[in-house]
Protein chains: 2
Amino acid sequence: MSANPTTGEKILLATINLMADKGYDSTTTKEIALAAGVNEVTIFRHFGTKEKLLEAAFNRFHYGNEMTKLFNEGFTGNLHEDLLTLSRTYHNIMNRNRKLISISLKGSSTLPESVLQEASNNPKHLKNLLAQYLTTMSSQGKVITSNPEIQALSFMWMNFGAFISSLNAKEAVSEETLNEFIDESVRLFTKALSP
Amino acid sequence: MSANPTTGEKILLATINLMADKGYDSTTTKEIALAAGVNEVTIFRHFGTKEKLLEAAFNRFHYGNEMTKLFNEGFTGNLHEDLLTLSRTYHNIMNRNRKLISISLKGSSTLPESVLQEASNNPKHLKNLLAQYLTTMSSQGKVITSNPEIQALSFMWMNFGAFISSLNAKEAVSEETLNEFIDESVRLFTKALSP
DNA sequence: AATTAATGTAAGTGTTCACTTGCATTCATT
DNA sequence: AATGAATGCAAGTGAACACTTACATTAATT
């Protein structure tokens with residue numbers, strides 16, 4: 001389809017950057033062409049329609065199942081360490097995909113929900129993994145026995161809220177602030193969950 | 001400007017409902033007219049432009065400074081009780097304004113930021129109030145002395161994350177689930193913050 | 001019953017948008 | 001040097017949009 005791959009990539013990058021700012025509907029193909037340093041027609045020759053263009057962007061930059069792997073392999077059984085690892089990995093992934101998540105949160109009138117879904121409903125999957133982890137830990141007496149589902153939910157929502165806040169903030173949240181938050185919040189939850 | 005107030009209100013309500021779904025840019029005045037059961041021209045006679053229409057919607061439905069008042073008057077000095085009150089009041093307010101918040105999160109290419117700002121940057125104000133409260137409590141020995149700023153941030157982000165999640169969820173989050181979450185998360189934080 | 005304000009109807013304006021077409025140009029491959 | 005694919009350029013299409021204008025209709029006020 002494209003002999004010169006850099007042309008297609010330039011278009012995809014410009015698309016993501018612009019749509020993360022203004023949303024799908026309000027980003028015009030003319031703007032994308034200008035930002036990509038490419039003629040508008042080239043966009044349509046590469047991707048056919050504006051809709052397929054965003055689909056391509058999502059397919060290209062989407063993350064795999066890092067998290068599931070983390071839960072299966074990366075955990076030590078030490079609550080504080082594991083929550084820290086989880087929190088850090090989560091924010092890493094979210095930040096790597098922050099623009100795509102931004103686009104999908106803004107939504108669109110015409111775009112099929114399926115395109116936007118995977119990015120935004122992501123805490124649910126994590127919550128389940130974490131709840132399962134807490135249940136196991138609880139059966140080993142390493143965590144208080146009460147309500148793992150809602151405890152996991154609280155932890156994930158806290159991190160999700162932190163991420164969304166940084167997404168909409170005028171000035172970028174510094175890495176230092178993020179680390180400070182991760183450390184302190186993990187400390188809080190460790191204390192709260194310890195028997 | 002309008003002798004029959006219900007006409008203006010019907011338009012405002014339709015505007016909020018539609019824009020909460022599709023965002024400002026993608027909602028057309030024609031749709032609004034249809035949903036309000038009103039002729040399109042009537043919209044312009046009432047509000048002049050589409051932009052002023054949304055401004056009117058925000059002015060009409062915006063909430064005052066309930067939260068500041070809550071901190072000044074409504075707190076007992078019992079950590080668990082106070083966090084519970086805070087959490088409940090927060091979700092009450094957010095749910096009452098959920099559509100407007102939805103609109104402002106989706107953003108717009110043309111709309112001035114100032115119109116959308118107040119709704120979305122709201123956790124910051126609350127964080128400051130809560131941090132101050134925690135500092136006071138800590139000086140009374142009722143709360144561990146460590147990092148009130150980030151502890152307050154964690155609490156607010158958790159509730160903010162919960163709200164945003166419910167905003168984008170396909171099926172509405174039931175009131176029961178919300179209450180369960182509030183109870184358990186407040187319990188967690190109370191335990192974590194107690195000396 | 002007459003007046004007036006609020007609404008409806010119909011038609012249209014200018015603009016912007018996604019997308020198309022035809023042809024000229026560049027550039028790598030042979 | 002010749003060929004062919006990728007790109008640029010110029011122009012245009014039809015649809016949708018915010019918004020306007022002129023006039024007819026309704027409903028409340030006097």
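This one's a predicted model, so the numbers in the text were calculated from it and none came from an experiment. Naming convention: chains lettered A, B, ... in sequence-line order (proteins, then strands); numbering from 1 in each chain.
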_Measuring to OP1 and OP2 of dG8(D), would you say a side-chain N or O of T42(A) lies under 4.0 angstrom away?_
yes

*asked:* Less than 4.5 Å apart, side chain to side chain, heavy atoms only: is that true for F155(A) and V186(A)?
replied: yes

*asked:* Tell me the interatomic distance from E31(A), atom CD, to dC19(C), atom P, rounded to whole angstroms.
replied: 15 Å

*Side-chain N or O of N39(A) less than 4.0 angstrom from OP1 or OP2 on dC9(D)?*
yes

*Which part of the nucleic acid does V41(A) contact within heavy-atom distance under 4.0 Å: base, sugar-phosphate only, or nothing?*
base

*In whole Å, what is the span from the CG atom of D25(A) to the C1' atom of dC17(D)?*
13 Å

_If I take atom CD in residue E51(A) and atom P in nucleotide dC17(C), what distance separates them, rounded to the nearest angstrom?_
18 Å

*How many Å lie between CZ on F44(B) and P on dG8(C), as a whole number?*
14 Å

*Euclidean distance, atom NZ of residue K52(A) to atom P of dA18(C) [Å, nearest integer]*: 16 Å

*For S26(B), answer base if it contacts any base atom (sugar-phosphate contacts may also be present), sugar-phosphate if it contacts only those atoms, and nothing otherwise; contact means non-hydrogen atoms under 4.0 Å.*
nothing

*Show your working on side-chain hydrogen bond (donor to acceptor under 3.5 Å, both in side chains) between T135(A) and S138(A) and close with a plain yes or no.*
CA-CA 5 Å; T135(A) 306; S138(A) 149; over 6 Å; no

*Phosphate oxygens OP1/OP2 of dC19(D): is one of them under 4.0 Å from a side-chain N or O of T29(B)?*
no

*Compare the minimum distances between each of dA18(C), dT9(C), dC9(D) and the side chain of R45(A), then state the nucleotide with the smallest one.*
dC9(D)

_Gap between atoms NZ and P, on K30(B) and dA11(C) respectively (whole Å)_ = 14 Å

_Whole angstrom value for the distance that separates P of dT9(C) from CD of E40(B)_ = 12 Å

_Pairing of K106(A) and D25(B) as salt bridge, 4.0 angstrom limit_ = no

*asked:* Determine whether S139(A) and T136(A) satisfy the following criterion, side-chain hydrogen bond (donor to acceptor under 3.5 Å, both in side chains), listing intermediate values before the conclusion.
replied: CA-CA 5 Å; S139(A) 76; T136(A) 308; 5.7 Å; no

*K50(B), nearest nucleotide to its side chain (from dC19(D), dT9(C), dC9(D))*: dC19(D)

*Side chains of K99(A) and N17(A): does their closest heavy-atom pair fall under 4.5 Å?*
yes

*asked:* Could you tell me how far apart I43(B) (CD1) and dT7(C) (P) are, to the nearest whole angstrom?
replied: 12 Å

_Among dG8(D), dT7(D), dA18(D), the one nearest H46(A) by side-chain distance_ = dT7(D)

